[in-house]
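A short write-up of the structure that comes next.
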Amino acid sequence: MITFSISRTMDDPVKVEALQIIDQKGHLLIDVSDKIWEYAEIALTEQKSSQLLEEVLEKEGFRVEKDVADLPTAFVATFGSGSPVIGILAEYDALPGLSQDSTPFKKVLDEEGNGHGCGHNLFGAGSLGAALALKGVMEKYDLRGTLRLYGCPAEEDVGGKVYMARAGLFDDLDACLAWHPDYSTSVDLDSSQAIDDLQVEFFGKTAHAAFDPWMGHSALDAAEMMTFGVNLLREHVKPSVRIHYVITDGGKVPNIVPEYAKVWIWVRDLDRAGVKTVVEKVEKIVEGSAIATSTSYKINTMGSYHEMLINRRGSEIMQKNLEAIGAISYTEDEILYAKKIQKETEVSEKGMDPAIEGLKEPEKYPEGGSTDVAEVSWITPTIHLSTTCAPFGIPWHSWAVVASSKHPIGYKGMFLAAKVLATTALDLFRSPDVLKEMKKEFDEKRKGYTYKSGISPDQKPPIRIKRK
Ligand SMILES: [Zn+2]
C-alpha cells in the first residue's frame with residue numbers, strides 16, 4: 001500500500017481542500033502516470049499519452065482543444081472563463097532506447113523499446129493532478145478566472161513549446177507554472193542555457209568512387225569539413241558555449257560518392273545573444289565547406305530556445321506553499337530501493353534527499369541544459385519547481401530514472417509537485433496584487449524585449465505519426 005500523504009500545515013481551508021482532491025485522485029494519477037510510462041512514446045509520437053490525458057480532462061469537465069500549433073500530440077485544456085488566466089504545463093515524451101523495468105537494477109524490457117528516463121510520465125500526471133484540484137475548488141468556491149493545462153510534446157527533441165509559443169498559445173496568460181522531476185526539491189531560481197537546434201543538409205553529386213570519382217561532388221566531404229571547422233571554432237568561443245553534433249547521414253556505401261549528408265548540431269550559451277554570435281560563425285563554416293566541395297547546402301533551424309527568465313516574486317509565493325506542504329517522508333523499503341539503484345549506478349548510497357532547499361541567488365553559470373519552458377518565460381511570468389522523484393545523485397536520462405518513475409519514490413514527488421502547483425495557482429487566482437508584482441518584475445527584466453520565436457514562420461514541426 002502506498003501512502004501519499006505528506007505533512008501539512010496549511011491553514012487556508014480552500015488550499016486544504018485542493019490538497020484533499022489530489023489525495024482522493026491519487027489512484028487515478030498513478031494510473032495515468034503508469035500508463036504513460038508503459039506507452040513510453042518518444043517526441044512527436046506521443047499519441048496514446050496525449051489521448052489519455054485529453055480523455056481524463058474531458059471526462060473531468062475541461063474543454064480540450066487537440067492538435068494545436070501543427071502538433072498532433074499537443075493540446076490545450078481549459079476550465080473557467082475571464083481573467084486572470086493561469087497556465088500549467090504538462091509533458092509526456094519518453095527517451096529513445098531506454099527501455100527498463102521498475103526494478104532497482106538494469107533490466108531491459110524491450111530491446112527496441114524506449115523509456116521515461118526524464119520522468120515525464122510523472123510530469124504529465126502531476127500537472128493533471130494540479131489542474132483537477134484547481135477545477136474542484138474553483139467550482140465550489142466560485143473563483144473567477146481561466147485555468148489552462150497545456151499538453152506540450154517533444155520536450156526531448158524540437159521542443160513542442162517553441163511551436164506552441166510561435167502560434168501565440170501562451171499570449172494571454174497572466175502567469176504560468178511548471179515543474180520537473182529531479183533528485184532534490186527546490187523552487188528554481190537558476191536560468192537555463194539558450195540553444196539553437198540546427199539541421200545542416202549538404203547536396204552533392206554521385207559518381208563511382210573508383211571508376212569516375214572526378215565526376216562526383218561529395219556531400220560527406222562537405223559535412224566533414226564543416227565538423228572540422230566547428231571543432232577549430234571551439235578554441236575561439238566563450239567558456240560558457242557548448243557545441244555538440246552528430247552526422248545523421250553520411251552516404252550509404254563507400255563505392256558511391258555521397259550526394260547527400262546531414263549534420264545535426266546544437267549550439268548553447270548563457271543567452272540568445274551568445275548563441276546568435278556562435279551560430280553566425282557556424283553558418284559561415286557551412287557556407288565555406290559547401291564552396292570548397294562544390295556542393296550546396298540548406299540550414300534548417302528546428303528548435304530555438306531562450307534562456308529561462310526567472311520570476312523571483314512568483315518563486316517566493318511557490319516557496320511558501322512548498323514549505324507549508326512540507327518535505328516528503330519515505331518508508332524503509334523505499335529508501336532501500338533508492339540505495340540499490342545508487343549502488344548499481346556507482347554513486348554514493350545516500351538514499352533519497354527530500355529536504356526543501358531555500359530560495360538561493362541565481363547561479364551566474366547555470367548547469368548545462370536547456371528547456372523549452374524558457375520560451376513561455378519570455379511571454380508570461382513563469383514559476384518553476386523541481387521535486388525529488390529519484391535517488392540522490394543518480395545519472396539523469398538513464399535506466400535509473402525510468403526505474404524510479406514507476407515506483408512510490410517517483411509518485412511521492414509527483415504528488416508534492418501537484419500540491420505545490422495547485423496551491424500556488426490558487427494564490428495567483430485570488431491575489432491580483434501578486435500578479436501585478438510578478439508582471440512588474442517580468443517587464444523590468446525583459447527590458448522592452450518582446451518575445452520573438454527563433455524559428456521561421458513557415459518552419460513546420462517534423463510530424464512522425466498519422467494524424468488522428
Ligand atoms: Zn525532462
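These values consider heavy atoms only, across backbone and side chains, with no hydrogens, waters or symmetry-generated copies. Whatever order the structure lists ligands and atoms in, that order sets their numbers, starting from 1. All of these numbers come straight from a predicted model, not from anything done at the bench.
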Distance-only side-chain donor-acceptor flag, [X] / [Y], under 3.5 Å:
{"X": "D353", "Y": "S184", "answer": "no"}
{"X": "D34", "Y": "Y411", "answer": "yes"}
{"X": "S99", "Y": "D110", "answer": "no"}

request  = Could you list the residues that satisfy ring-ring contact (aromatic ring centres under 6.0 Å, His included) with Y337, not counting sequence neighbours?
outcome  =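 With sequence neighbours excluded, Y337 shows a ring-ring contact (aromatic ring centres under 6.0 Å, His included) to H407, given in chain and number order.
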
query = What's the count of protein N, O or S atoms under 2.8 Å from the Zn ion (ligand 1)?
reply =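 Step by step: take the Zn ion (ligand 1), keep protein N, O, S below 2.8 Å, and you get 3.
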
request  = Return yes when atom NZ of K445 has more than 12 non-hydrogen atoms of other residues, nucleotides or ligands closer than 6.0 Å, and no otherwise.
outcome  =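 Enclosed: over 12 neighbouring heavy atoms sit under 6.0 Å from NZ of K445.
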
message = Is it true that, when you exclude E441 itself, more than 12 heavy atoms of the residues, nucleotides or ligands shown sit nearer than 6.0 Å to its CD?
response =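 Counting other residues, nucleotides and ligands, CD of E441 exceeds 12 neighbours.
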
